[in-house]
K.L.:
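Structure below; questions to follow.
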Amino acid sequence: MKYYSTSDPSRRASLEEVLLKSIDANDGLYMPEIIPVLPDTFFYEMEHLSPAEIAFRVTNPVFGDDIPEDVIKSIADKALSFEIPVVELSDRLYVLELFHGPTFAFKDVGARFLAGLLSWFAGRTGREITVLAATSGDTGGAVANAFSEKEGIRVVVLYPAGRISPVQEKQITRAGRNITAVKLQGDFDDCQRLVKMAFSDADLKKKIVLTSANSINFGRLFPQTVYYFQAVSKIKKDSDRIAVSVPSGNFGNLTSGIIAARMGLKISKFIASTNINNSVPIYLKTGIYTPHPSFKTISSAMDVGAPGNFKRVLHLFGDNHKAIKNTISGYWFTDDETLAGMRELYESYGYLADPHTAVAYLGLKKYMDSNICTGIFLATAHPGKFADETFRATGTVPDLPAFQPAGDSVRVASPNDYSFVRKIIEKSF
Ligand SMILES: *Cc1c(COP(=O)(O)O)cnc(C)c1O
C-alpha cells in the first residue's frame with residue numbers, strides 16, 4: 001500500500017515514512033491510496049468477534065502489505081486488550097464506551113496500536129525513534145502509557161506546569177523509564193509551539209528520528225476505525241439508518257468513522273458535536289471554514305479552534321461542501337448546555353457522563369429531533385476523570401478505577417525556552 005499526502009496527492013510515501021514522519025514538509029497529512037472495502041463475510045461475522053479480532057480484520061487489508069500478518073495480530077491483541085461496551089439507554093439510543101483503557105480516555109485505542117507499529121519499525125530499522133507530544137492532559141497520559149517500556153522508542157511529553165490534574169500528571173510522570181515528562185513553565189499553547197519548532201528543526205531531525213503520536217499520525221488515526229465496527233455490530237439488527245455522534249476537537253475520531261464507512265460499514269450520518277470551538281459546525285452550515293484561536297471550556301480536550309484533521313475530511317469528500325453535508329451534520333454547545341446535558345443523562349437514564357460525552361449526546365439528540373434513526377453517541381472519557389464537573393451537574397461523585405503507575409515519578413522542569421527543550425529531546429542535557 002502506498003500513501004499520498006493532502007498537500008501533494010501526486011507524490012507517494014511508504015508506510016514507514018508515514019509513521020516516522022506523521023506529516024510531510026508542507027504540513028500535508030497522509031492517506032492510503034486505496035481504502036479497501038471489507039468482504040460481506042466480515043460484516044456477517046463481526047458481531048461475534050472481539051475488539052482485537054475486529055482490529056486485525058480491519059487493519060490487515062491496509063497494513064498487511066508492509067507488516068507480517070502475525071505481527072499485526074499481536075499488535076491488535078495487545079492494543080485492544082480491554083472492553084469496548086455498547087450500552088443501550090433506550091430503544092433507539094446507544095452509547096459506545098471508549099474509556100475502559102488504562103488511562104480512561106478513548107485515545108488509549110489509537111495510541112496503543114501506534115506504539116505497537118512504531119516499536120516494530122524501530123526493531124526493523126535498528127534506529128531509536130523519539131516520539132514527541134504536547135499535551136493539555138489526556139493525550140500525554142495515553143501516549144506515555146501506550147509507549148511505556150516499548151523497545152526502541154523514547155517519548156518526550158511536554159505539559160504545562162500547574163495546569164493539568166493530579167491524575168493526569170501521575171499518568172505522564174510515572175509511565176516508565178523510556179518516558180521523559182517535561183514540566184514546562186508555560187501554558188498548553190507554549191508546549192505546542194515548542195513541539196512545532198522541534199518538528200521544523202531540520203538540524204535536529206538529522207540527528208534523531210522524530211515523530212508524533214497525535215492523531216495527525218495515520219498509525220494512530222486508522223486503528224480508531226475499529227470501534228465503529230464494534231458499535232454497529234452490537235446494536236439491534238433491524239436498525240436501518242444509523243447515526244453516530246462524535247465529540248470532536250482535532251477531528252481524528254470523526255475522520256476514523258468516515259474511513260470505517262468507506263470500508264463498507266453502514267453508518268448513514270455522522271454528527272460533529274463540538275463545544276464553542278465550532279469552526280466545523282459553522283462550516284457545515286455556511287460552507288465557509290474559518291479556523292480561530294481556541295476558547296477554554298469544560299470539555300477541554302475539544303478546545304481546538306483549528307482542527308488538524310479537518311483537511312483529511314475535506315479531502316475525503318473532494319472539498320465538496322454539499323457532499324460533506326450529506327454525510328456530516330454539526331452542532332455546538334456552551335458549557336451551560338453541556339452541564340444541563342450531563343444532568344439530563346443522569347436524570348432520564350441514570351447515566352453518568354463526562355462533559356465531552358454529554359456534548360456528543362446533545363448533538364445526537366438535536367439530530368434525532370427531526371430525523372428517524374438509531375443513534376449512537378461516543379463516550380470518550382470516564383466521568384471520574386472529570387469528577388468536579390460531573391459532581392456540579394449531577395450531585396454525584398463518580399468513582400475512577402485506580403491508575404497503575406509503571407515506575408517512580410520522573411520529570412524534568414523546563415523553562416519556556418526552545419534551546420533547553422531541544423537539549424532534552426536530543427538527550428544531551
Ligand atoms: C481528544 C479527545 C476528544 C476529541 O477527539 P478528536 O479526535 O481530537 O476530535 C474528545 N473527548 C476526549 C475525552 C478526548 O480526550
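Everything numeric in this text was worked out from a predicted model, so none of it was measured. Whatever order the structure lists ligands and atoms in, that order sets their numbers, starting from 1.
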K.L.:
Below 3.5 Å, N or O to N or O, backbone or side chain included: is there any such pair between Asp354 and ligand 1?
P.N.:
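For ligand 1, there is no N or O atom that lies under 3.5 Å from one belonging to Asp354.
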K.L.:
Salt bridge (Lys or Arg N to Asp or Glu O under 4.0 Å), that's the test. Do Asp190 and Arg193 meet it? Break it down for me.
P.N.:
CA-CA 5 Å; Asp190 294 320; Arg193 186 175 48 80; 3.4 Å; yes
K.L.:
Just checking, Arg262 and Phe317: is the charged tip under 6.0 Å from the six-membered ring centre and within 45° of the axis?
P.N.:
yes
K.L.:
Show which atoms of ligand 1 fall inside a sub-4.0 Å distance from at least one heavy-atom site of Pro247.
P.N.:
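Near Pro247, meaning under 4.0 Å from one of its heavy atoms, ligand 1 has 4 (C), 10 (C).
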K.L.:
Which ligand 1 atoms does Gly252 reach within 4.0 Å, using its non-hydrogen atoms?
P.N.:
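Taking each heavy atom of Gly252 in turn, ligand 1 has 6 (P), 7 (O), 9 (O) under 4.0 Å.
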K.L.:
Look at atom 12 (C) of ligand 1 and say which protein heavy atom is nearest, naming residue and atom and giving the distance to 0.1 Å.
P.N.:
Thr380 OG1, 3.4 Å
K.L.:
Should the ring pair Tyr4 and His315 be called parallel, tilted or perpendicular, given that the plane angle runs from 0 to 90° and is split at 30 and 60?
P.N.:
tilted
K.L.:
Considering only the protein, which heavy-atom contact is closest to atom 7 (O) of ligand 1, and what is its distance?
P.N.:
Asn253 N, 2.9 Å
K.L.:
Give me the one residue out of Leu19, Val131, Val18, Leu132 that meets side-chain contact (heavy atoms from CB on, under 4.5 Å) with Thr211.
P.N.:
Val131
K.L.:
Polar-atom distance check: Ala301 versus ligand 1, any N or O pair below 3.5 Å?
P.N.:
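No, Ala301 has no N/O under 3.5 Å of an N/O on ligand 1.
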K.L.:
Answer yes or no: does an N/O atom from Phe251 fall short of 3.5 Å to an N/O atom of ligand 1?
P.N.:
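There is such a contact, yes.
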K.L.:
In terms of residue, atom name and distance, what is the protein heavy atom nearest to atom 1 (C) of ligand 1?
P.N.:
Lys107 NZ, 1.4 Å
K.L.:
Only heavy atoms of Asn250, strictly under 4.0 Å: list the atoms of ligand 1 that pass.
P.N.:
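Listed by number with element: 6 (P), 8 (O), 9 (O).
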K.L.:
Counting only nitrogen or oxygen atoms and a 3.5 angstrom limit, does Asp138 reach ligand 1?
P.N.:
yes
K.L.:
For ligand 1, find out whether one of its N or O atoms is nearer than 3.5 Å to an N or O atom of Met302.
P.N.:
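It does not: no N or O of Met302 is found under 3.5 Å from an N or O of ligand 1.
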